Number of protein chains: 2
Amino acid sequence: MKRATLKEVATLAGVSTATVSNVLNETKNVSDEVKNKVFSAIQELNYQPNIVAKSLRVQESRIIGLLISDIANPFFSIVVRGIEEELAKSDYSILLCNTDSSVEKEDKYLKVLIGKRVDGLIVSSTGNTGDYFRSMEKTGVPMVFLNRCPDFMVSDVIMTNNIKGSYSGTEHLIRHGFEKIAIITGPISISTGKDRLTGYKRALEDYGITESDELVKEGNFDIESGYTKMKELMEQDNKPDAVFISNNSMTLGAYKYLKESGISIPDQLAVVGYDDSDWADIVDPPITTIKQPAYELGVHAARLILARIINKQVKREITYMDTELIIRHSCGCNKENPYSCESNKLETTSGCI
Amino acid sequence: MKRATLKEVATLAGVSTATVSNVLNETKNVSDEVKNKVFSAIQELNYQPNIVAKSLRVQESRIIGLLISDIANPFFSIVVRGIEEELAKSDYSILLCNTDSSVEKEDKYLKVLIGKRVDGLIVSSTGNTGDYFRSMEKTGVPMVFLNRCPDFMVSDVIMTNNIKGSYSGTEHLIRHGFEKIAIITGPISISTGKDRLTGYKRALEDYGITESDELVKEGNFDIESGYTKMKELMEQDNKPDAVFISNNSMTLGAYKYLKESGISIPDQLAVVGYDDSDWADIVDPPITTIKQPAYELGVHAARLILARIINKQVKREITYMDTELIIRHSCGCNKENPYSCESNKLETTSGCI
DNA sequence: GAATTTACGAAAAACAATTACAGAAGAACT
DNA sequence: AGTTCTTCTGTAATTGTTTTTCGTAAATTC
């Protein structure tokens, strides 16, 4: 079925195309009489404005590109909901690009995003080469990076305070009295991975615990690497008595390994994870974790990109959002008094149980 | 920064616009000599083809609209990954529309999708009014419905076999010997909700168990309704000894309630859920569930829509994909021999523990 | 050497909207 | 009555491609 055009509407209504456009966009006063003629012509032809033609003419697509590493990760999917709901209010649509953190997919998508003339770009993924990011920057399209930012970019960034977050998670384990605290990090080439490692190290240092390279495992932020890195940790001579795991997927993988091999949490190994989930409190045992404000992160990113689109001259903005330590039982806190370890803080030596 | 146009590339390279277009799209033979001139002009001007202009001219957007009720639901986010990976292979992008199953958001998005002239539409959400669906159908844009299809549509549909799935889940509980088996359904206005209820009823009927209206609760497919409906069930006089829950979010909500109120699974209440999740085997107790082939569902949907775009004349296709019963422990199957109930099937009366 | 094929240019016609500019008609003012 | 001001509406240019037509010149084939 051929779609009706504005021109056809105009001829049927007996007016000019300019007039039709003006009634549609309310850009100029049009008499009620003419308006009605136009509306009934629109009705009769079942006319739907062609937004791609409009985009070409007015040079804006009303589309925001969203470059994300894994939409199936609950953290990201909540972020996306935040973005979506905020953008929907301003009638922007989102073009979803799932990259698997692959440089090739990233570059490929960036290319189509430039071609499709998106009005802005929200990035929460990076394979970190950046040729296409640079050419994106040259085009002047506003970008905001979310939680991960390649060093060479000077765009807006909105982050959770990763260092502080992992510091508090590690600190919590230290206060429990654990001394051989391991960490499963994300790729240290990614800022998130690096920062969470930094927070861990800083906590150990502040509490006078010497760190051991053997207790630092670099994972890949996915379930599988959580599983294998956990396995490595528990099969080596220098076993940890607690572990801090840098994201939800790896925590899941680690849990799978620990359950499978009958290692009891927290008795044989205490764990604190990163990212809260809907299921974190019904697993066995419920996971103590660093919660990121995922939804708010998305909302903020959306607002920032919209602000940038309206006014491109604003100074670079770097926002840090705070994390929250959610205490459950995988760290060793007990059921009756889950906050006991917080209340007797530094005085404890052997934890709060 | 003003972007370079094809025309500018042409003049810089000293060739015609037709030629530049031909080298870019490889639509006609062009000598290497000329090609090189064009390429270096492109390089020099940092030219990026304007796809919206192209879209206008060739009347295709290379965008598939994706109407989905909740991207944060792990089932859907896996489906989306399947769709994304398949579409990426053919250089189609996806425009993400999260609807919350709200009629208003659905209509609004449908309108922008029509306006943006998407080449196809994958729908896994429905508030079920359908005025805009109908006008979408009139435009001739290919649509495939995924797991939920409004009755009045005659588009392609790809479904999991919901009736069979919930039948086997219910049957499993029956074989355990439970007689007061409740169900928490989704909205029965949605086909998924209705069909899963049908499967449940059919199983009860086949095994000669009289059904009770009190044991049928209609939820909303979200965590909260799982919680409240579970609560209703356990607080009424006619308590169930087992429950079948029609999706993952409601199962999660139900679990939360049961843990909170100290009801032991499966001793006091056995549960079988719908939708498998990464975390289903690490919760306490691990959830027995009906697994849908989420990723494959997405891949299939993507392939179908691409086939439709290429050839619009194909007959309507309705595909059913099979579910799988994943036996863990929430149903009462024990750890040592998780499949015992399957092996002594109908002979058991009081379950397999 | 004639006929055909190939490579390319120039120019213009789509594609479907927006918008600057101009013109006409009527109202309001001198 | 003539002038100015609104208020409405039409004309035509513009956005960046692709594609068609027509034409020319060189290369290839017979």
Side-chain angles (χ1 to χ4, degrees), chain A residues 1-39 41-42 45-63 91 111-112 114-119 139, chain B residues 1-39 41-42 45-63 111-112 114-119 139 141:
Chain A
M1 253 131 290
K2 175 78 172 48
R3 261 112 139 186
T5 68
L6 182 141
K7 203 187 240 173
E8 287 162 9
V9 172
T11 41
L12 179 62
V15 300
S16 76
T17 60
T19 304
V20 177
S21 177
N22 283 327
V23 341
L24 279 171
N25 301 300
E26 300 179 346
T27 39
K28 273 189 186 161
N29 269 342
V30 177
S31 68
D32 285 348
E33 191 193 1
V34 175
K35 260 187 200 164
N36 286 333
K37 279 196 292 181
V38 171
F39 281 132
I42 286 176
L45 295 173
N46 188 30
Y47 168 70
Q48 312 277 159
N50 185 326
I51 301 185
V52 0
K54 172 169 181 166
S55 289
L56 178 59
R57 176 61 229 246
V58 305
Q59 302 283 73
E60 67 165 31
S61 60
R62 294 244 140 202
I63 296 179
D91 293 316
K111 202 171 170 181
V112 340
I114 293 177
K116 291 223 192 316
R117 299 295 193 262
V118 294
D119 293 339
T139 65
Chain B
M1 255 132 288
K2 176 76 174 52
R3 261 112 140 186
T5 68
L6 182 142
K7 204 185 240 172
E8 287 162 9
V9 172
T11 40
L12 179 62
V15 301
S16 76
T17 59
T19 303
V20 177
S21 177
N22 282 328
V23 341
L24 280 171
N25 301 299
E26 300 180 347
T27 39
K28 275 189 185 159
N29 269 342
V30 177
S31 69
D32 285 348
E33 190 195 0
V34 175
K35 260 187 200 165
N36 287 334
K37 279 196 292 180
V38 171
F39 281 132
I42 287 176
L45 295 173
N46 189 29
Y47 169 70
Q48 311 278 156
N50 185 327
I51 301 186
V52 0
K54 173 170 181 166
S55 288
L56 179 61
R57 174 62 228 237
V58 305
Q59 300 283 74
E60 67 165 31
S61 59
R62 294 244 140 201
I63 295 179
K111 202 169 170 181
V112 339
I114 294 178
K116 292 224 193 312
R117 299 296 193 259
V118 293
D119 293 340
T139 65
V141 175

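Order of the sequence lines fixes the chain letters, A, B, ..., with proteins taken first and strands second; residue numbering starts at 1 for each chain. Just so we're clear, the structure is a prediction, and the values are computed from it rather than from any experiment.
When the side-chain contact (heavy atoms from CB on, under 4.5 Å) test is applied to A/Leu24, the partners found at least two apart in sequence or on another chain are A/Leu6, A/Val20, A/Ile42, A/Tyr47. The side-chain hydrogen bond (donor to acceptor under 3.5 Å, both in side chains) test applied to B/Arg117 returns no partner, not counting sequence neighbours. The side-chain hydrogen bond (donor to acceptor under 3.5 Å, both in side chains) test applied to B/Ser55 returns no partner, not counting sequence neighbours. With sequence neighbours excluded, the residues satisfying side-chain hydrogen bond (donor to acceptor under 3.5 Å, both in side chains) with B/Asn25 are B/Ser21, B/Lys54. Checked against side-chain contact (heavy atoms from CB on, under 4.5 Å), B/Ser16 has the following partners two or more places apart in sequence or in another chain: B/Ala18, B/Thr19. With sequence neighbours excluded, the residues that form a side-chain hydrogen bond (donor to acceptor under 3.5 Å, both in side chains) with B/Thr27 are B/Asn22.
The distance from the OG1 atom of B/Thr139 to the CG atom of A/Asn46 is 8.5 Å, given to the nearest 0.5 Å. Here CG of B/Leu45 is found 8.0 Å from OG1 of B/Thr11. Values are rounded to the nearest 0.5 Å. In this structure, NZ on A/Lys116 lies 12.0 Å from NZ on B/Lys116, to the nearest 0.5 angstrom. We find the CG-CZ distance between A/Leu56 and B/Arg57 to be 13.0 Å, quoted to the nearest 0.5 Å.
Taking for each of B/Glu33 and A/Pro49 the nucleotide of DNA chain C with the nearest heavy atom, the 5'-most of the two is the partner of B/Glu33.
For the pair A/Leu6 CG and C/dC15 P, the interatomic distance rounds to 14 Å; values are reported in whole Å. In this structure, the NZ atom of B/Lys116 is 15 Å from the C1' atom of C/dA16, given to the nearest Å. The NZ-P distance, from A/Lys7 to C/dA17, rounds to 10 Å in whole Å. The separation between B/Ile114 atom CD1 and C/dA17 atom P is 14 Å, rounded to whole Å.
At a non-hydrogen distance threshold of 4.0 Å, B/Asn25 from residues 24-31 of chain B come into contact with DNA chain D. Using a 4.0 Å cut-off on heavy atoms, the residues of residues 15-23 of chain B that approach DNA chain C are B/Val15, B/Ser16, B/Thr19, listed by number. Residues from residues 55-62 of chain B placing a heavy atom under 4.0 Å of any atom in DNA chain C, listed by number, are B/Leu56, B/Arg57, B/Gln59.
Protein chain A contacts DNA chain D from D/dC8 to D/dG16, reading 5' to 3' and using non-hydrogen atoms of the protein with a distance under 4.0 Å.
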Working for side chain to side chain contact (heavy atoms under 4.5 Å, CB included), residues B/Asp32 and B/Lys35: CA-CA 5 Å; B/Asp32 285 348; B/Lys35 260 187 200 165; 4.2 Å; yes
Could you check A/Val112 against B/Arg62 for side chain to side chain contact (heavy atoms under 4.5 Å, CB included), going step by step and ending with a plain yes or no? CA-CA 10 Å; A/Val112 340; B/Arg62 294 244 140 201; over 6 Å; no
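Counting any heavy atom pair closer than 4.0 Å across all strands shown, A/Gly115 reaches no nucleic acid atom. Residue B/Val52 is classed as having no contact, given no heavy-atom separation below 4.0 Å to the nucleic acid.
Listed by first and then second residue, the salt bridge (Lys or Arg N to Asp or Glu O under 4.0 Å) pairs that reach into residues 6-28 of chain B come to none, sequence neighbours excluded.
Terminal axes of the helix from C/dG1-D/dC30 to C/dT30-D/dA1 (five pairs each, C1' rotation axis) are separated by 30°, to the nearest 10°.
Across every non-hydrogen atom of B/Val38 and B/Val9, the tightest pair is O-CG1, 4.2 Å.
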